[in-house]
Each structure stands twice: as structure tokens, then as C-alpha cells.
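These notes are about the structure you will find just below.
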There are 2 protein chains.
Amino acid sequence: MQNRQAITILAALAQESRLAVYRLLVEHAPEGLAASAIAEKLGLPNATLSFHLKELSHAGLVSSRQSGRFIYYAPVMEAMDELVGYLTDHCCSQSGGTCAPARRVTAGKRRPASA
Amino acid sequence: MQNRQAITILAALAQESRLAVYRLLVEHAPEGLAASAIAEKLGLPNATLSFHLKELSHAGLVSSRQSGRFIYYAPVMEAMDELVGYLTDHCCSQSGGTCAPARRVTAGKRRPASA
DNA sequence: TTGATGATTCTATAATCATGGAAATATGGA
DNA sequence: TCCATATTTCCATGATTATAGAATCATCAA
């Protein structure tokens, strides 16, 4: 995962409403939830939710699919997986610290050791 | 880890200069680096760096200790560990998804299963 | 004390982000 | 077609964040 993409994802999650949306979607994975359901559960105005969904979508954290008049949003687990991988690979001690070493290899996509 | 703290940490990392500072400090853990060394390595003006260091510090991601005229900044690994724990616990699928299940138990600080 | 250096704070400015009402754009059913 | 509903876009407003020069504060050496 590239630096810039990590920042985009971090920024997408670093906002109360968006984090709440994402967590809610994770609870309802993998089907996801319609925008109207999200708005109702979180008490967000349509326009506000749409703005945040666009941010999450742009960051690659959620996907959407249309079903009739509804648009279902679902979390993209791979994005979160890559973020966690980025953090453990680049932002944790590589020398026996607490957060890095136990990281499992999920996909072969992370760099060896250097920062 | 509380929701609000997670957002604070995510926001602290979701900025190019700050992420660069943090990664640089991780490379130099556990001693850390003096502010002047960080500024030089990253090409940041003093005032700008100081602003970002304060953000990181406020988020609990870095600690500082004075040594003569120098102030050394070092990464706080526990904060990153807790963030990764928060993400895997609350933002990953709990039902066999890719990012959650292999998470080791580092400290007994995370909630059982619910979100 | 004085001077040099490291670091932070003050301050102003610019840029970005969040909010939400209102209007516009689908979609499907009658 | 016409209507109701789901969702997004438009737009204005307010709030927050990033930047960095200049001033200030802190520490040490002579």
C-alpha cells in the first residue's frame, strides 16, 4: 500500500460520522445496508450522509450496489486489511516491539522490512 | 480504546508530514530524534514541525524528553498497538473475514466481540 | 552576562472540510 | 404518464486545519 493511499484511508476514518458509518457497515457485512437505513440508524441528514459515503467510497473503504431504488453500501475488507498491514509494517517497531511482530502474512503485498 | 481516541489518533496520522514524522521516529525507536534532526531530514520549517509534533503528542503517538537544548521525540508504540487493535476489533469482519481473525491478544484490553 | 543555538508560541493567511436545506436525478409501482 | 420514494448534487455557511515568518523562550558555553 502506498503512502498516499494510507493517508486517504486514515483521513476517511478520522471523522466521527464516517467511522460510525464504517463500523455499522462492518456489523452488516457482507450484504451491507441501504443509504436510507444508515441515515436512519445514525440520525444523519441525507445530504450529510451522502457526503460521507462519497468520502468512504473514494477512499476505497466501501463499495456500493444498486438494488431497485436502494443503493446498498458494504465495507471493503481488503482496504482495512491493507491499512492494518501498512501500519504494522511501517509504523510499528520492527525489532521486537509490541505491535509489529505477530502480524500474519495475509497477501504478499507488503514490503520486506525497510521503511 | 475509546472511539474518540481512535479518531484522534487516526486524524494525527492522516497528514503527510505527520505520518512522515511518525514513520521516521519509528525507524529511530526507541531513542527517537531531536526536533532539529526531524526538521532537517524532512525539510520542514521549525514552526511547522512544532505544530505537527504537538498534534502527534496530543494524540499520544509520540513522547518527548529534554536533553540539554535538544528535545527528543520518540514513538509511543502502545498507542499504535491499540489503534491496530481497535481497527481489527471494530472495523474488521468478525466472521472469518480477512483482516480480523488472526489478531493476537496483546493485552486484555479489547472487548469480546460485539461492536 | 552575553551570544549562539534549539524549540515553541504568536499571528495571519490560505486552504480544506463538515453541515444540511433545497433542488435535481433516478427508480419502480399504479 | 404520474406519483412517491431513494439518493445525490448544488450551494452557502461555518468550522477546522495547515503553513510559516517573526518573536519569544530555554539552555548551555565562554
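None of the values given here were measured: they were computed from a predicted structure. Quick note on labels: first sequence line is chain A, next is B, and so on, each numbered from 1.
- Note: CG (A:L49) to C1' (D:dT9) measures 14 Å, nearest angstrom.
- Note: the hydrophobic cluster containing B:M77 also contains B:I9 (ILVMFWY, side chain heavy atoms under 4.5 Å, direct or indirect links).
- A straight line from CZ of A:R65 to P of C:dT27 spans 16 Å, rounded to a whole angstrom.
- Neither OP1 nor OP2 of D:dT17 sits under 4.0 Å from any side-chain N or O of B:H52.
- The neighbour count for B:E16 CD, taken as heavy atoms of other residues, nucleotides or ligands under 6.0 Å away, does not exceed 12.
- When heavy atoms are screened at a 4.0 angstrom cut-off, A:A34 is found touching the sugar-phosphate backbone but no base atom.
- Within 4.0 Å of A:A35, counting heavy atoms only, lie sugar-phosphate atoms of the nucleic acid but no base atom.
- Considering only side-chain N and O atoms, B:R18 lies under 4.0 angstrom from the phosphate OP1 or OP2 of D:dA18.
- Between the CG atom of B:L44 and the P atom of C:dT8 there is a distance of 13 Å, rounded to whole Å.
- For C:dT19, the OP1/OP2 oxygens have no side-chain nitrogen or oxygen of A:T48 closer than 4.0 Å.
- The CZ atom of B:F70 sits 16 Å away from the C1' atom of C:dT8 (whole-angstrom rounding).
- For A:Y73, whose side chain is taken as the heavy atoms from C-beta onward, the closest listed nucleotide among C:dT19, D:dT8, D:dT9 is D:dT8.
- Nearest-nucleotide positions on DNA chain C for B:A47 and A:G68 put B:A47 closer to the 5' end.
- Following rounding to the nearest Å, B:N46 (CG) and C:dT5 (C1') show an atom-to-atom distance of 11 Å.
- Put simply, the side chain of B:M80 does not reach to within 4.5 Å of the side chain of B:P75, judged on heavy atoms.
- Cluster annotation: B:I38 and B:V26 are assigned to the same hydrophobic cluster (Ile/Leu/Val/Met/Phe/Trp/Tyr, side-chain heavy-atom contacts under 4.5 Å, transitive).
- Remark: B:Q15 is in phosphate contact with D:dT19, judged by side-chain N or O atoms under 4.0 Å from OP1 or OP2.
- Looking at the side chain of B:R69, the nearest of the listed nucleotides C:dT5, D:dT8, C:dG20 is C:dT5.
- Look at A:S36 and you won't find any side-chain N or O under 4.0 angstrom from OP1 or OP2 of D:dT5.
- Distance CD1 (A:I71) to P (C:dT27): 8 Å, rounded to an integer number of Å.
- Between A:Q66 atom CD and C:dT25 atom P there is a gap of 16 Å when expressed in whole angstrom units.
- Under the 4.5 Å side-chain heavy-atom criterion for ILVMFWY residues, a single connected hydrophobic cluster contains both B:Y86 and A:L24.
- Rounded to whole angstrom, the span from the CD1 atom of A:I38 across to the C1' atom of D:dT8 amounts to 14 Å.
- Taking the side chain of A:E55 as heavy atoms from C-beta on, and the options D:dT9, D:dA20, C:dA18, the nearest nucleotide is C:dA18.
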